[in-house]
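Since we're looking at a predicted model, the values are computed, not measured. We number each residue from 1, following the sequence as shown.
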Amino acid sequence: MSKTSYNIIETNSTSSCDGTGKIDRYADGVTITSRRKQKAVLLAEIVEELFPDRRDLRAVDFGCADGAVPVLMLNSKIGERIEKIIGISLLDYNDLPEKKAHEHSRFKRLVTDMDEPIDQLNLDPSSFDFVMATSFFHYLRQPEVAFRCAHQLLKPGGCLLAGMLPRWLLGLRQIGYWGVRPCNNRIQHLLTLDGWRDQAESCGFEEMERRPVQWAGADATAGVELFLRRRRMLRRIATNHLVIYRKTEE
C-alpha cells in the first residue's frame, strides 16, 4: 500500500485483517464495543462540563479508528451543539483506509500514517474548541509532534482530552497477558501520567485534571463502571484515565 499524506475516506469496502494477519474487530464499520460506547458517553459528559453554554463547537479526534466514537457523540444530546468533528485515523494501527467509516453529515474522516508529520494537516489553526485523543499518544514514535499539532489547532483556552493508560498496563499490553490480549508491539512509549504531563507542558498545555474513567470496559461491567465513574469511585481500580489539558495563553 503506497503512503499518502492526508486523504478523506470515501470507499465503502471492508476488510477483516489489520495487515499483520490478526482480525480487525472494527473492520465492518458497524461493530461498536462496550469500551467505545463508554468513551462516547464519557467524552460527551466532559464536553458538557467544559462548554456548558457553548454552541457550534468544533472538534478533532486523533486516532478515531472507524469514527464510531465521534459519530456516537454527534448522535447524542451534546451533538446538537457540535458543528463538526474531524477524525484523524491512523493508517498503521488497526485503521485500514478501506475500512467502512461510520457516517454523519458533520463528521469527516481523514487517514494518515504514523511516519507522516501529523502537523502538516490541512486544517485551520486556532479554530477548534477541543481535541480528543483517547488511545493515541503511546502509539506514536514522536508524540510531541501530535501535542504541538493539537496546540496549533485549538482556540485559546481550548482543551485536549487525552486517554492515558498507566505505565504498568501499557507494559502488559506490549507483551500480552492471560490469553485475553495478544502482544501489542505497536506501543512505542511507556510513560507515567507525570511523564505525559511534562511532555504536554513542554508543548504549551497545562494539566487541569486526571479523571479515572474506566475499569474493564466490557458489556457486563458497563453499568457498574458508569455508576462508579459518575460518583468518582473509580480512583483505586481504574485502568484508564482521561486527562484534561488546557492550551495555555501564548
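What you find for Ala162 and Tyr245 is that their closest heavy atoms are CB-CE1, 3.9 Å. Closest approach of Leu160 to Ala150, counting heavy atoms only: CD1-CB, 4.4 Å. In this structure, Cys203 and Arg148 approach most closely via the heavy-atom pair SG-CG, 3.8 Å. Of all heavy-atom pairs spanning Phe62 and Ala146, the tightest one is CE1-O, 3.6 Å. Looking at every heavy atom in both residues, Leu57 comes nearest to Asp129 through CA-OD2, 3.3 Å. Scanning both residues, Leu242 and Gly163, for their nearest heavy atoms gives CD2-N, 4.0 Å.
A salt bridge is absent between Lys155 and Asp124: the closest approach of a Lys/Arg side-chain nitrogen to an acidic carboxylate oxygen does not fall below 4.0 angstrom.
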Next item on the list: Before giving the answer on side chain to side chain contact (heavy atoms under 4.5 Å, CB included), spell out for Arg36 and Asp66 the whole-Å C-alpha distance, their side-chain angles and the decisive distance to 0.1 Å.
Entry: CA-CA 11 Å; Arg36 298 204 291 170; Asp66 58 7; 2.8 Å; yes

Note to self: Quick one, Lys37 with Val41, criterion side chain to side chain contact (heavy atoms under 4.5 Å, CB included). Give me CA distance, side-chain angles, the key distance, then yes/no.
What the structure shows: CA-CA 6 Å; Lys37 292 175 184 176; Val41 171; 5.8 Å; no

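In this structure, Phe147 is a member of the same hydrophobic cluster as Ile88, with clusters built from ILVMFWY side-chain heavy atoms closer than 4.5 Å. Each of Val131 and Leu161 belongs to its own hydrophobic cluster when Ile, Leu, Val, Met, Phe, Trp and Tyr are linked at side-chain heavy-atom distances under 4.5 angstrom. Under the 4.5 Å side-chain heavy-atom criterion for ILVMFWY residues, a single connected hydrophobic cluster contains both Val213 and Ile78. Note on Phe51: it does not cluster hydrophobically with Ile86, by side-chain heavy-atom contacts below 4.5 Å among ILVMFWY residues. There is no path of hydrophobic side-chain contacts, each under 4.5 Å, that joins Leu226 to Leu228.
No side-chain donor-acceptor contact under 3.5 Å links Glu207 to the backbone of Val243. In this structure, Thr248 contributes its side chain and Gly204 its backbone to a donor-acceptor pair below 3.5 Å. Formation of a donor-acceptor pair under 3.5 Å by the Thr239 side chain with backbone atoms of Trp215 is found in this model. No donor-acceptor pair under 3.5 Å is formed between the side chain of Arg229 and the backbone N or O of Leu234. At least one donor-acceptor pair under 3.5 Å links the side chain of His189 to the backbone N or O of Leu140. Looking only at distances, a side-chain donor or acceptor of Arg109 sits under 3.5 Å from a matching main-chain atom of Ala65.
Inter-residue side-chain proximity for Glu49 and Ile244 is flagged as unmet; no heavy-atom pair is nearer than 4.5 Å. Between Glu45 and Arg230 the shortest side-chain heavy-atom distance falls below 4.5 Å. Residues Phe130 and Leu43 form no side-chain contact, since every pair of their non-hydrogen atoms from C-beta on lies 4.5 Å or further apart.
In this structure, Gln174 CD and Leu172 CG are separated by 10.0 Å, a value rounded to the nearest 0.5 Å. Rounding to the nearest 0.5 Å places NE2 of His138 at 14.5 Å from CZ of Arg167. The distance from the CE atom of Met73 to the CD1 atom of Ile82 is 4.5 Å, given to the nearest 0.5 Å. Here CZ of Phe136 is found 10.5 Å from OG1 of Thr134. Values are rounded to the nearest 0.5 Å. Leu72 CG to Lys39 NZ: the interatomic distance, rounded to the nearest 0.5 Å, is 12.0 Å. Glu144 contributes atom CD, which lies 10.0 Å from atom CZ of Arg141 (distance to the nearest 0.5 angstrom).
When the ring-ring contact (aromatic ring centres under 6.0 Å, His included) test is applied to Phe205, the partners found at least two apart in sequence or on another chain are His151.
No more than 12 heavy-atom neighbours from other residues, nucleotides or ligands sit within 6.0 angstrom of CZ on Arg246.
Residue Gln214 is tested with Arg35, His241, Glu225 for a side-chain hydrogen bond (donor to acceptor under 3.5 Å, both in side chains); the sole match is Arg35.
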